[in-house]
Amino acid sequence: MSFAELGLHPLVLKALEAFEYTTATPVQAAAIPPALQGRDILATAETGTGKTAAFMLPSLTRVAELPRLGVAAPRVLVLAPTRELAKQVTDAARKYARFMKLNIVDVVGGMPYRDQLRLLSRPVDVIVATPGRLIDHVSRRRIDLDAVEVLILDEADRMLDMGFLDDVETIAKCCPPTRQTLLFTATLDRRMAGLASNLLRNPERVAVETEATSINVEQRLHHADDLDHKRKMLQHFATQPEVGKAIIFAATKRDADSLAEELADAGHAAAALHGDMDQGKRNRTLQRLRTGQIRLLVATDVAARGIDVRDITHVINFDLPRSAEDYVHRIGRTGRAGASGIAISFAGRADRETLFRIERYTNATLAVHVIPGLEPQRPFHAGGGRPAGRNNSSRHNGPKPWQRNHGDKPAGHQGPRGPRADHARSEHGPARSERPDHGRRDSHGAGKPPARAKAW
DNA sequence: AAAAAAC
């Protein structure tokens, strides 16, 4: 389906032509026509499917075609969960509005009020905001939402996860009830259905078949003995020529910082990205990744969703995410725009259940790989089914990643790592492998805690 | 419990 057939405004089409965008993605083809008719939309779509254009193009068309009602107040409002995402949406909106004279402003936290007020001092047509800062401005009567014609919720499920439900509903109540509402979410559970029924009127349902995992991302698993082992494996990958740009996910902000520093010390172009960094630095870091000044980005889950950098070759889960859903979002940072990507996860024994949930959720078995010379001493297989024994003590073994003692040397020398991974395929072996299935399941013993358990 | 997001 070409954009020209969808009924977009000529100035919008002109911008698309200038960027040589001719073909609409499935979400765009499905969402744009009803949006142009003024229908509310409930869309389930992942990032990377072109959903920003799916809501922005019809909104801009509306702004171009219909005269503003009265006062100089924003006509389109986009809410996004994170500041990075808001910035990306703002940039995209400005591209699409290139031939229109529109003032498009992002309203996010971390930006000095003075600068923001300056941006808001002239009439604004489109606002892209994170909920907190927007509410702040609205309650100070700095922003008036009375003229909003289109309200867009981007990554609505993420906003709910982050506790923005009340904020989102408050903001929606500040918009006229006659507005059009476009809701985009990756998942549709009961909570989301509740929000949708509050905010949408007779919505057109748009569903793009979301593969739980993109088929063009190869998923690999490396068993890790301990933190030190993970670090060595990370250093190994950092030096591999086939690893171009990579995002490395850590469990905590501190881990992200220390791993980035470690990589930088080893001479790699690496930097951290997490929510404790000031916004300017976050933006600059992401930009440096885009331009290639940085090759390795060590991030918390702030970067798990929505971040769109084209040429990420690898995602490395230094620590597994807490939920299987987060896993899918993380690995979706690679293999974008039709490219292929590789997702590498490090997992210790304590991660068996998480791993099991991930494999069940993605309906895939992560292929076990081994780095020659860095073989794990104690491989295992995904647990969580029904481990033998009375209580599920495996959950309580060892500290969680965020309880690590960073000052101390982690459990150090257990002698040289023997080539014990006889059943795991070597790094250069076939991509897929079956899970070894000898009865190692209860090697922890159920009743009593393992003697002097290592962290893993 | 981590992380994210308003000052």
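Letters go in sequence order (proteins before strands), and every chain restarts at 1. What you see is a predicted model; the values in this text were computed from it and never measured.
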- Message: As a quick check of understanding, evaluate side-chain hydrogen bond (donor to acceptor under 3.5 Å, both in side chains) for Thr181(A) and Arg179(A), giving each step before the final call.
- Response: CA-CA 6 Å; Thr181(A) 307; Arg179(A) 69 174 192 266; 2.7 Å; yes

- Whole Å only: how far is the CG atom of Asp319(A) from the P atom of dA1(B)? 18 Å

- Message: Classify Arg140(A) by what it touches in the nucleic acid, base, sugar-phosphate, or nothing, heavy-atom distance under 4.0 Å.
- Response: nothing

- Any donor-acceptor pair under 3.5 Å joining the side chain of Arg83(A) to the base of dA4(B)? no

- Query: How many Å lie between NE2 on His137(A) and P on dA5(B), as a whole number?
  - Reply: 15 Å

- Name all residues meeting the ring pair (Phe, Tyr, Trp, His ring centres under 6.0 Å) criterion together with His268(A); count only those two or more places apart in sequence or in a different chain, and write none if there are none. none

- Query: In residues 122-132 of chain A, which ones come under 4.0 Å of DNA chain B, going by heavy atoms?
  - Reply: Thr130(A), Gly132(A)

- Task: Whole angstrom is fine here: how far is it from CG in Leu273(A) over to P in dA2(B)?
- Result: 19 Å

- Does Thr300(A) have a side-chain nitrogen or oxygen under 4.0 Å from the phosphate oxygens OP1 or OP2 of dA4(B)? yes

- Output the single nucleotide from dA4(B), dA1(B), dA6(B) whose closest atom is nearest the side chain of Arg322(A). dA1(B)

- Query: So, Phe184(A) versus Phe55(A), ring centres under 6.0 angstrom or not?
  - Reply: yes

- Query: Can you tell me how far the CD1 atom of Ile316(A) sits from the CD1 atom of Ile247(A), to the nearest 0.5 Å?
  - Reply: 10.5 Å

- Task: Identify whether any heavy atom of Gly110(A) sits under 4.0 Å from a base atom; if not, whether one sits that close to sugar-phosphate; answer base, sugar-phosphate or nothing.
- Result: sugar-phosphate

- Query: Under a 4.0 Å N-O cut-off, is there an ion pair linking Lys87(A) with Asp106(A)?
  - Reply: no

- Not counting sequence neighbours, which residues clear ring pair (Phe, Tyr, Trp, His ring centres under 6.0 Å) with Phe164(A)? List them please. none

- Pick base, sugar-phosphate or nothing for Pro81(A), based on heavy-atom distances below 4.0 Å to the nucleic acid. sugar-phosphate

